[in-house]
Amino acid sequence: MIGAATRRSMTTQHRRAIVVRSMAAVAAILLVVTAVAGGYRVNLTPSEPLGLWRIIPLHRPAAVDDLLFICPPETTEMQEARVRGYLRSGSCPGGVAPLIKTVIAVAGQNAEIGASVSVDGRKVSSSSLALRDGKGRPLTPFPSGIVPPGYVFLHSAFPGSYDSRYFGPVPISGILGLAQEVLTYAP
């Protein structure tokens, strides 16, 4: 039989544990809110190194070789990408996470998509086209063409990346800023 003093002690320990856990949960929530408000994001996709990234405001037009955080447009291709699991949940329109991709072409440049991608006749390294995704589902390449005004063409060197090779140019209105690695790990 447990005595009254032991029950009180267990109750006090239980209360302390609840208080400590509650404080830890509040601290974690505040940390996440502060990080998001400060432009920090966690990348969990292999298209770029995994880990903590920061969004740096971009006070100029996007240029070739810029590594960007960008919200994908709500297009048929992006809806299909969401259904297939290519896009994670997040704060962008459509409930998806921003992409981290490199600009390889801007308005007026010709993006040719064949066995790989060429921009204005120059082959883009690590841009081979996949005919199927990792689950064997067919992938349809985007038709070649000139990047229209107000759009950029995006790429990632990761072989399984879902980028403009498949969904085409994206509007610059979705650009959140430059992507800066803070604490990352490239597997």
Side-chain angles (χ1 to χ4, degrees), residues 36 39-50 53-134 137-181:
V36 169
Y40 290 90
R41 299 290 188 274
V42 174
N43 178 43
L44 300 173
T45 65
S47 290
E48 294 296 335
L50 308 175
W53 290 73
R54 183 166 182 223
I55 300 172
I56 305 295
L58 184 61
H59 301 293
R60 58 170 174 73
V64 171
D65 293 329
D66 281 347
L67 183 61
L68 301 176
F69 269 101
I70 188 165
C71 284
E74 294 184 79
T75 61
T76 304
E77 292 86 3
M78 291 302 175
Q79 290 169 354
E80 177 69 19
R82 180 75 190 268
V83 168
R84 287 184 171 202
Y86 303 161
L87 305 176
R88 301 209 186 271
S89 296
S91 59
C92 290
V96 298
L99 305 173
I100 304 174
K101 303 287 182 199
T102 300
V103 176
I104 60 168
V106 294
Q109 291 189 287
N110 184 32
E112 257 184 77
I113 303 171
S116 62
V117 178
S118 294
V119 175
D120 292 338
R122 289 183 307 277
K123 185 180 182 227
V124 175
S125 66
S126 303
S127 67
S128 296
L129 219 62
L131 300 177
R132 300 197 171 277
D133 68 10
R137 298 171 292 199
L139 288 169
T140 305
F142 191 81
S144 301
I146 304 293
V147 178
Y151 284 75
V152 291
F153 197 90
L154 305 173
H155 175 68
S156 169
F158 178 71
S161 177
Y162 188 69
D163 54 35
S164 288
R165 291 175 277 190
Y166 308 103
F167 55 71
V170 294
I172 60 173
S173 60
I175 295 173
L176 301 174
L178 295 169
Q180 179 185 54
E181 293 182 59

Ignoring hydrogens and geometry, is there a side-chain-to-backbone donor-acceptor pair from [X] to [Y] under 3.5 Å?
X: R82; Y: G95; result: yes
X: S156; Y: S47; result: yes
X: R137; Y: R84; result: yes
X: N43; Y: E48; result: yes
X: Y166; Y: A130; result: yes
X: D120; Y: N110; result: yes

* Asked: Parallel, tilted or perpendicular: which describes the rings of Y86 and Y162, with under 30° parallel and over 60° perpendicular?
  ->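 The rings of Y86 and Y162 sit tilted, inter-plane angle from 30° to 60°.
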
For a quick test of reading the model, state the closest non-hydrogen atom pair linking [X] to [Y] and the distance between them.
X: V64; Y: V106; result: N-CG1, 4.1 Å
X: W53; Y: L67; result: CZ3-CD2, 3.6 Å
X: D66; Y: A63; result: OD2-N, 2.8 Å
X: L44; Y: L50; result: C-CD2, 3.7 Å
X: P149; Y: A107; result: CA-CB, 3.6 Å
X: A62; Y: I175; result: CB-CD1, 3.7 Å

State, yes or no, whether a side-chain contact exists between [X] and [Y] at a heavy-atom distance under 4.5 Å.
X: Q109; Y: F153; value: no
X: L139; Y: L131; value: no
X: V117; Y: H155; value: no
X: E77; Y: P72; value: no

Atom pair [atom1]/[atom2] of [X] and [Y] - distance to nearest 0.5 Å:
X: I55; Y: Y40; atom1: CD1; atom2: OH; value: 11.0 Å
X: L87; Y: M78; atom1: CG; atom2: CE; value: 6.0 Å
X: T45; Y: L99; atom1: OG1; atom2: CG; value: 8.0 Å
X: D163; Y: S127; atom1: CG; atom2: OG; value: 9.0 Å
X: T102; Y: L68; atom1: OG1; atom2: CG; value: 8.0 Å

* Asked: Of V103, V170, I172, which is the lone residue that meets side chain to side chain contact (heavy atoms under 4.5 Å, CB included) with I70?
  ->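 Passing option: V170.
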
* Side-chain donor-acceptor pair under 3.5 Å between R165 and S116, yes or no? ->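 The criterion, which ignores hydrogens and geometry beyond distance, is not satisfied for S116 and R165.
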
* To do: For atom OH of Y151, decide whether the heavy atoms of other residues, nucleotides or ligands shown that lie under 6.0 angstrom number more than 12.
  => no

